[in-house]
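Presented below is the structure to which this report refers.
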Amino acid sequence: MDYLYTLSGFAVGAIVGLTGVGGGSLMTPLLVLLFGVHPATAVGTDLLYAALTKAGGTVAHGRKGHIDWAVTGRLAAGSIPAAAITIWVLSQLPKGSNTIGAIVAHGLGFALLLTAIAILFGRKIRAYAEKHDDSPLRQRYLPAITVAVGALLGVLVTISSVGAGALGVAALFFLYPKLSSVRIVGSDVAHAVPLTLVAGLGHWLLGSVDWALLGALLLGSLPGIWIGSHLSAKVPEHILRRILASMLVLIGSKLVFA
């Protein structure tokens, strides 16, 4: 079974390299629906997987000056406490029951549907934000709104492992439409590392991390990301993103309405 995990990691890594999204959005439902991994274990393992894989991206973006640390700090000020509180709430649920699994599965489905919307309508969201960016009320409360969005992402990512990528980018495009795309992505990746690390360690304390599975996924995903990033210029991105969004709608609907 380990080689199938590694192969899955490679496939998901290649999609991430090609499109820039799809890590948690594909890896977690793949583990749950295809391999029958318990939803909480799939989420916990994927969170640490995301923290490790995105740490390298943060270093690369940081060296190139592609991270707006003020924006990243505002998101983290909301997301990290929210992640810690969510872990505490999950720890209070009855042990040995299906409650946590049900919450995680439905949260995962909901997050996948939101991610699909973010992928499909990302450009329209940014265009709308650009038209309303000069609103005095918006500018006055922008830092507080960013912290609140971070808190929402913290809860969503901790429950589902989905949201730190496509949803985070869509939120930043809406809040900071004048920020360049590369700085939006860099800031989102930098924010995802502490968030997924805190949430992942929390799931580890809850007993929801499979370390052997994590190693098998990393073994396949790292070369997959490298190959996908080199092929990205040769494959039409808009086609890939539409296919990815359609897959997320199907998977998310199955989890929500199961």
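Numbering of residues begins at 1 and proceeds along the displayed sequence.
Here the closest heavy-atom approach between residue A83 and residue V198 is recorded as CB-CG1, 4.4 Å. Here the closest heavy-atom approach between residue I159 and residue V104 is recorded as O-CG1, 3.4 Å. Between V155 and A82, the shortest heavy-atom distance links the atoms CG2-CB, 4.0 Å. Shown here for V149 and A171, the closest heavy-atom pair between the two residues is CG1-CB, 3.8 Å. A pairwise comparison of heavy atoms in W69 and A190 identifies CZ3-CB, 4.2 Å as the closest pair. When all heavy atoms of T6 and A216 are compared, the pair lying nearest together is OG1-O, 3.1 Å.
Here the side chains of F10 and S221 are not in contact, with every heavy-atom distance at 4.5 Å or above. Counting heavy atoms from C-beta on, the side chains of L156 and L114 come closer than 4.5 Å. No side-chain heavy atom of V71 sits under 4.5 Å from any side-chain heavy atom of R183. Side-chain contact between T196 and K54 is absent, with no heavy-atom pair separated by less than 4.5 Å. Residues L213 and L31 have side chains in contact (heavy-atom distance under 4.5 Å, counting atoms from C-beta outward). Counting only heavy atoms from C-beta outward, the side chains of V37 and D210 never approach each other to under 4.5 Å. Between Y176 and L142 there is a side-chain heavy-atom pair separated by less than 4.5 Å.
Hydrophobic clustering (ILVMFWY, side-chain heavy atoms < 4.5 Å, transitive): I145 and V147 are in distinct clusters. Cluster membership check: I80 does not share its hydrophobic cluster with I85, using side-chain heavy-atom separations under 4.5 Å among Ile, Leu, Val, Met, Phe, Trp and Tyr. Cluster membership for L33 and V162, using ILVMFWY side-chain heavy atoms within less than 4.5 angstrom, is shared. A single hydrophobic cluster is seen to contain both L112 and F35, as judged by linkage of ILVMFWY side chains at heavy-atom distances under 4.5 Å, directly or through other members. When the side chains of ILVMFWY residues are joined at heavy-atom separations under 4.5 Å, either directly or via intervening members, V59 and L52 end up in two distinct hydrophobic clusters.
Checking L172, T72, L153, L167 one by one against D188, the side chain to side chain contact (heavy atoms under 4.5 Å, CB included) holds for a single residue, L172.
Without hydrogens or angle criteria, T53 side chain to A50 main chain gives a donor-acceptor distance under 3.5 Å.
In this structure, the separation between CG on L47 and OG1 on T158 is 7.0 Å, given to the nearest 0.5 Å. Here CG of L195 is found 4.5 Å from OG of S79. Values are rounded to the nearest 0.5 Å. Taken from CG in L48 to OG in S161, the straight-line distance is 10.5 Å, to the nearest 0.5 Å. If you take CG on L34 and OG on S8, they are separated by 6.5 Å, rounding to the nearest 0.5 Å. Rounded to the nearest 0.5 angstrom, L75 CG and S187 OG are separated by 8.0 Å. Once rounded to the nearest 0.5 Å, the distance linking OG1 of T58 with NE2 of H66 reads 13.0 Å.
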Determine, step by step, whether I87 and L205 satisfy the side chain to side chain contact (heavy atoms under 4.5 Å, CB included) criterion, reporting the C-alpha distance in whole Å, the side-chain angles of both residues, the deciding distance to 0.1 Å, and the verdict. CA-CA 9 Å; I87 288 293; L205 292 175; over 6 Å; no
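Of the N and O atoms on the side chains of T41 and S208, not one donor lies less than 3.5 Å from an acceptor on the other residue.
The hydrophobic cluster analysis finds V182 isolated: no Ile, Leu, Val, Met, Phe, Trp or Tyr side chain comes under 4.5 Å of it, directly or through other members.
Annotation for W211: atom CH2 counts as buried by contact number, over 12 foreign heavy atoms lying within 6.0 Å.
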